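Since the structure is predicted, the reported quantities are computational estimates derived from the model, not experimental observations. Here, residue 1 is the first one in the sequence, and each next residue gets the next number.
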Amino acid sequence: MRKLGIGSGALIGGLLTAPLLALVYLGQAWLDLPFMPYDLFDWITRVLPGAVVTFAIDLMISSMNLVNVSVADAAKTAEQIAALIQFIALGVVVGAAAFPVIRTKAPDQALALGITAGALFGLPLIAISVAISASGVHPILAIVWHTALFLCWGAAFGWAADRLNTLSQPVATAAASPGQGYSRRQFLVQAGAATAAITVIGAGVGRILSEAERRRLEEEIAGSMAHLSEGTTRSPFPNADSPVMPAPGTRPEYTPLKDHYKVFIRVQPTVIDGATWTLPVTGLVDNPLRLTLDDLRNNYESRSHYVTLRCISGRVGTTLISTTQWTGVSVQHILADAVLHEDAKYMYLASGDGYYETVDLDLIASDERIMFAYEWDGVPLPTEHGFPLRIWIPDRYGMKQPKWITGVEIGSEYRDGYWVERSWDKDAIVRTTSVVDTVASFATYESGGETLVPVGGIAYSGAKGISAVQVRVDGGTWTDAMLREPLSDTTWVIWRYDWPFQAGEHTFEVRCREGDGTPQIEISQPNRPSGATGIHSRTARL
């Protein structure tokens with residue numbers, strides 16, 4: 001008989017880790033327990049060197065761009081899949097390492113050795129999960145649940161390893177050997193069927209239970225685009241009378257909340273109970289504050305602003321950019337009530353997901369628009385976008401604007417923020433960009449004896465404004481495009497160019513100028529550390 005080795009242990013480890021994963025998921029969906037695979041993934045991304053993390057991010061984005069997958073839609077899904085694969089791979093590795101030890105021991109020792117392997121597998125993961133999990137469940141419950149699961153995994157592994165090893169031993173007669181070999185294969189088939197059943201049942205029940213949470217999240221954003229809904233009492237967009245209409249196929253000027261891009265450092269969004277949440281303002285202040293959501297809403301004048309938010313990790317033409325209306329309170333007013341010390345220079349922000357950032361108080365003093373936002377599009381911040389509170393700082397990439405804010409501290413010394421520590425730009429000022437969204441060959445029309453093709457897209461410069469957009473076709477002359485009035489001075493601008501039709505394959509390029517005439521950077525530069533630059537183009541066959 002062929003001697004079994006680490007491959008057999010890896011197989012058993014993998015077969016048993018699949019139902020373990022399903023039961024961990026069931027615990028999350030049923031009891032709101034931490035989901036260990038995601039916690040492990042989050043922990044690894046925090047302890048790895050910044051260069052490694054950013055390399056992985058760049059690789060993921062490049063891969064998605066290569067296969068023409070939207071980064072905004074698929075990035076979190078890719079992270080979740082990676083976390084699940086990582087967890088199962090860890091179970092495979094533990095199984096491969098434990099099986100040779102169990103194989104050499106007496107059968108009565110197999111169970112104890114398997115349980116030991118399960119403990120060695122699970123205890124470090126449980127410690128990591130308890131340390132970083134954002135779950136609101138008491139840690140004792142999480143420890144008991146996960147400890148039981150891993151010990152059961154270990155017991156099952158010890159039994160299965162011993163059984164498989166026994167079935168693989170030489171037998172007294174050659175005639176019996178074929179049956180013995182069949183029994184081993186049969187055992188593996190039966191084991192696979194059993195683990196598959198547990199996996200399907202556990203994952204299925206967990207999925208059913210999680211549907212309620214999904215529906216709740218959908219209800220949170222049900223009011224998105226209410227500006228244009230039939231029967232709404234909300235006012236129309238401020239540029240509703242602009243004569244320039246977007247070219248067909250241009251992205252929506254105002255992003256529905258369900259489509260707004262999502263980027264956060266954890267695999268899952270952080271959930272905070274708004275009823276018990278408070279915002280402490282501490283440090284170099286004469287009047288420390290502890291504000292509730294009702295305090296922010298009722299005791300301070302609210303302000304609303306249309307805002308385009310862009311992620312610094314996006315490439316030229318990225319989908320990690322969206323526009324909505326933010327509502328909140330000016331940070332200046334909050335800090336005025338706290339009464340800052342003379343030596344106060346910086347505001348440190350802490351987030352519920354472990355994120356942190358530093359904001360210069362001189363910047364806050366110079367711009368009343370900087371706000372603590374508690375609403376998007378007239379509804380409370382969706383969980384995925386930072387409920388109950390996040391900050392908005394005009395002309396900065398999203399990395400400077402933490403979500404799920406849980407604390408404000410005023411200090412005198414500068415501290416690097418989360419991504420600054422990982423070698424991204426300290427100031428993260430938005431770099432001007434323009435994008436070709438559409439070459440609308442399906443929407444050609446006749447004018448002045450010519451067939452015209454609408455071409456359109458966006459231009460964005462943070463808070464610097466856009467004064468001109470130009471389009472070039474097949475390397476020819478740059479031609480001015482029409483600009484639609486923007487929603488505000490901090491949103492993207494929709495541009496349109498009606499191009500005289502010519503059959504064939506053509507390449508359309510776009511560039512723009514900021515409000516003061518400064519041209520966008522045309523030289524191609526990577527997104528790290530300060531944001532991508534370069535000319536965006538789109539090729540179309542007409």
So do the side chains of [X] and [Y] get within less than 4.5 Å of each other, counting heavy atoms only?
X	Y	result
Arg369	Asp489	yes
Ile429	Arg396	yes
Leu284	Asp343	yes
Leu90	Leu125	yes
Ile334	Leu291	yes
Pro388	Leu381	no
Val24	Leu149	yes
Leu335	Leu361	yes

### Query
Between Phe41 and Ala82, what is the shortest heavy-atom contact and its length?
CE1-CB, 3.9 Å
### Summary
Here the pair of heavy atoms bringing Tyr397 nearest to Ser530 is CE1-O, 3.5 Å
Checking the side chain of [X] only, and the main-chain atoms of [Y] only, is there a donor and an acceptor separated by less than 3.5 Å?
X	Y	value
Asp259	Thr255	no
Thr433	Tyr460	no
Ser330	Met371	no
Thr17	Leu20	no
His138	Ile140	yes
Ser351	Lys403	yes
Asn287	Asp337	yes
Arg310	Arg431	yes
Trp424	Ile312	no

### Task
For a side-chain contact (heavy atoms from CB on, under 4.5 Å) with Leu16, tell me which candidate from Leu11, Thr195, Leu21, Val94 qualifies.
Thr195
### Task
Evaluate the criterion side-chain contact (heavy atoms from CB on, under 4.5 Å) for residue pair Ile410 and His341; output intermediate values, then yes/no.
CA-CA 9 Å; Ile410 305 301; His341 292 185; over 6 Å; no
### Query
Name the one of Tyr254, Trp376, Tyr306 that satisfies side-chain hydrogen bond (donor to acceptor under 3.5 Å, both in side chains) with Thr324?
Tyr254
Residues, nucleotides or ligands: over 12 heavy atoms within 6.0 Å of [X] [atom1]:
X	atom1	value
Tyr414	OH	yes
Leu59	CG	yes
Trp326	CH2	yes

Does a side chain donor of either [X] or [Y] reach within less than 3.5 Å of an acceptor in the other side chain?
X	Y	answer
Gln28	Gln268	yes
Glu384	His260	no
Glu514	Thr432	yes
Arg315	Ser62	yes
Gln520	Ser434	yes
Thr327	Ser304	yes

### Message
Cation-pi check for Tyr348 against Arg415: NZ or CZ below 6.0 Å from the six-membered ring centre and within 45 degrees of the axis, yes or no?
### Response
yes
### Query
Phe264 ring centre to Lys76 NZ or CZ under 6.0 Å, with the angle to the axis within 45°?
yes
### Query
In terms of side-chain geometry, is the basic nitrogen of Arg266 or Asp353 positioned less than 4.0 Å from the acidic oxygen of its partner?
no
### Query
Got a salt bridge between Asp360 and Lys426, using NZ or NE/NH1/NH2 to carboxylate O under 4.0 Å?
no
### Centroid-centroid distance, Tyr38 to Phe35, less than 6.0 Å
yes
### Query
What about Trp404 and Phe387, are their ring centers closer than 6.0 Å?
no
### Summary
Sorted by chain and residue number, the side-chain hydrogen bond (donor to acceptor under 3.5 Å, both in side chains) partners of Arg297 (sequence neighbours excluded) come out as Glu375
### Task
Please identify each residue that fulfils side-chain hydrogen bond (donor to acceptor under 3.5 Å, both in side chains) with Thr518, with sequence neighbours left out.
Asp516
### Pairs where residues 113-132 contributes a residue and the test side chain to side chain donor-acceptor pair (under 3.5 Å) is met, not counting sequence neighbours
Asp39-Ser129
